[in-house]
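Everything on this sheet refers to the single structure shown next.
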Amino acid sequence: MNQNPKYSNTKATLAIAKASFRSILRSPSAVVFTLAFPLIFIIVFANIGGGGVKVDVGLAKTSDTLSPVYQALKNIKVVHLIQDQTAEDMKGNLAKGIIDAVVDIHKNNAQPIYTINVQYTKASAEKGNILRSVLSNIYYNINSRTLGATPPVAEIKETTVSGREYKYIDFILPGQLGFSILSSGVFGTAFVFLSLRLTLVIKRFFATPVKRSSIVLGEALARITFSLLGALFIILVGHYLFGFTLIHGVITVLNMLVLSTLGLIIFMGFGFIISGIAKNESTVPPLSNIITMPQFLLSGTFFSVTAFPKWLQAISNVLPLTHLNNAMRKVAFEGAGLGDVTHQLLILLVWFVITYAVAVKTFKWE
């Protein structure tokens, strides 16, 4: 008499993943949140430019911070002064277009009393022109206080370095990709597992040899596959239609997909928590929005975090989507490898531990 072959949970996992993937493809909400919304935002913001992004200005360590030039500059709301970088870092970031200019304010022993040395970059010519206008206004105001002074109290010396053009699509696309991953991970996971629990599908699984881990892995594989295909589509559309920068081509795309996978796994943890807390499907959206909306608005999705007040920046820098977006932008525009974004990866790892520690305690199978 022949014995039944040993049951394969690997095959069960793949079968669940296949069925779940088909289910995702048939879900209008999954397609809308993963593909449609991000693409609409990319198209709109890529064409209207970068309203809301401040002029990032590096202030040299040797600058005279007691001078009226500095006092006037720090009170200009459109200017975001960066003072915590070394000269070498500023030079590199200026060439990459990460900062828009570097200012060095010198006090002289003779006339003119102050010399404002400014380095602009071709990578950010538009915002360089904004700063040029701001400095011209400061220059005029300072010199007009001492009418008749010859030579003037302050002078401006300008140089321009060549650099890679930083287009607004280079800022907006990683943010929209992060939004897509966040929505898919939180909403998709929460709705799916709550539905499986309420319809007793998971309970029926328990009557089979399928392990609990196979159920979770099957659903996770389906969602990761769908989200990565969506991410690849968004990246390619951004690159070929709007000129999104991919420094190292295929290598950059692969690094972005790795980051997308890590982000999705973390956000799925939030989805597991919500599916365990929610009593019915009507409670999923408000609970999910509590997690997604602050990140959607504060994590640099549409506007640079530097445009926020300091107290709001502190909150932004805690959110996992902020660090995912920052890592994406470093990889895409700066050509950084995964080893160059270890700070962001460590924070994402902390969030992974936190979310799944909570998920284990809140997730319900029945």
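The figures that follow rest on heavy atoms only: side chains count, while hydrogens, waters and symmetry mates do not.
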Donor-acceptor pair, distance only, cut-off 3.5 Å: does the side chain of [X] make one with the backbone of [Y]?
X      : Y      : result
Gln295 : Leu321 : yes
Asp89  : Gln85  : no
Ser180 : Gln176 : no
Ser316 : Leu298 : yes
Asp104 : Asn117 : no
Ser63  : Ile105 : yes
Trp351 : Leu319 : no
Asp340 : Gly337 : yes
Thr292 : Ser288 : yes
Arg329 : Pro174 : no

Does one hydrophobic cluster hold both [X] and [Y], with members joined at side-chain heavy-atom distances below 4.5 Å?
X      : Y      : value
Leu254 : Tyr240 : no
Ile172 : Phe242 : yes
Val250 : Val258 : no
Leu66  : Tyr70  : no
Leu236 : Leu228 : yes

I need the minimum non-hydrogen distance between [X] and [Y], along with the two atoms involved.
X      : Y      : value
His248 : Gly335 : NE2-O, 3.2 Å
Leu59  : Met90  : O-CE, 3.1 Å
Val318 : Ala314 : CG2-O, 3.4 Å
Thr252 : Leu246 : CG2-CD2, 3.8 Å
Ser275 : Ala190 : CB-O, 3.6 Å
Ser282 : Pro286 : O-CD, 3.4 Å

So do [Y] and [X] actually touch side chain to side chain, heavy atoms under 4.5 Å?
X      : Y      : answer
Thr62  : His106 : yes
Ile82  : Asp84  : yes
Phe187 : Asn289 : yes
Ser299 : Val305 : no
Ile113 : Asn108 : no
Phe267 : Leu324 : yes
Ile274 : Val186 : yes
Phe352 : Leu348 : no

In Å and rounded to the nearest 0.5 Å, what is the [atom1] to [atom2] distance from [X] to [Y]?
X      : Y      : atom1 : atom2 : answer
Leu349 : Thr342 : CG    : OG1   : 12.0 Å
His80  : Gln313 : NE2   : CD    : 5.5 Å
Lys74  : Ile76  : NZ    : CD1   : 12.0 Å
Lys279 : Leu287 : NZ    : CG    : 10.5 Å
Thr301 : Phe171 : OG1   : CZ    : 8.0 Å
Ile235 : Leu257 : CD1   : CG    : 5.0 Å

- [ ] List the steps, then state whether side-chain contact (heavy atoms from CB on, under 4.5 Å) holds for Ile99 with Val57.
- [x] CA-CA 6 Å; Ile99 58 177; Val57 179; over 6 Å; no
Open item on the list: Angle between ring planes, Phe179 versus Phe296, binned at 30° and 60°: parallel, tilted or perpendicular?
Closed with: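 Ring orientation of Phe179 relative to Phe296: tilted.
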Open item on the list: Which label fits Phe272 and Phe193: parallel for a plane angle under 30°, tilted from 30 to 60°, or perpendicular past 60°?
Closed with: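 Geometry flag for Phe193 against Phe272: perpendicular rings.
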Open item on the list: If only side-chain N and O atoms count, and only distance matters, is there a donor-acceptor pair under 3.5 Å linking Thr322 with Asn325?
Closed with: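 Result is no, nothing qualifies.
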TODO: Evaluate the side-chain contact (heavy atoms from CB on, under 4.5 Å) criterion for residues Val118 and Val102: first the C-alpha distance (whole Å), next the side-chain angles of each, then the deciding distance (0.1 Å), finally the verdict.
DONE: CA-CA 6 Å; Val118 190; Val102 174; over 6 Å; no
- [ ] Before giving the answer on side-chain contact (heavy atoms from CB on, under 4.5 Å), spell out for Leu131 and Tyr120 the whole-Å C-alpha distance, their side-chain angles and the decisive distance to 0.1 Å.
- [x] CA-CA 9 Å; Leu131 179 64; Tyr120 297 101; 4.0 Å; yes
Task: Val331 and Met328: CA distance, side-chain angles, deciding distance, side-chain contact (heavy atoms from CB on, under 4.5 Å) verdict - done: CA-CA 5 Å; Val331 166; Met328 290 275 200; 6.0 Å; no
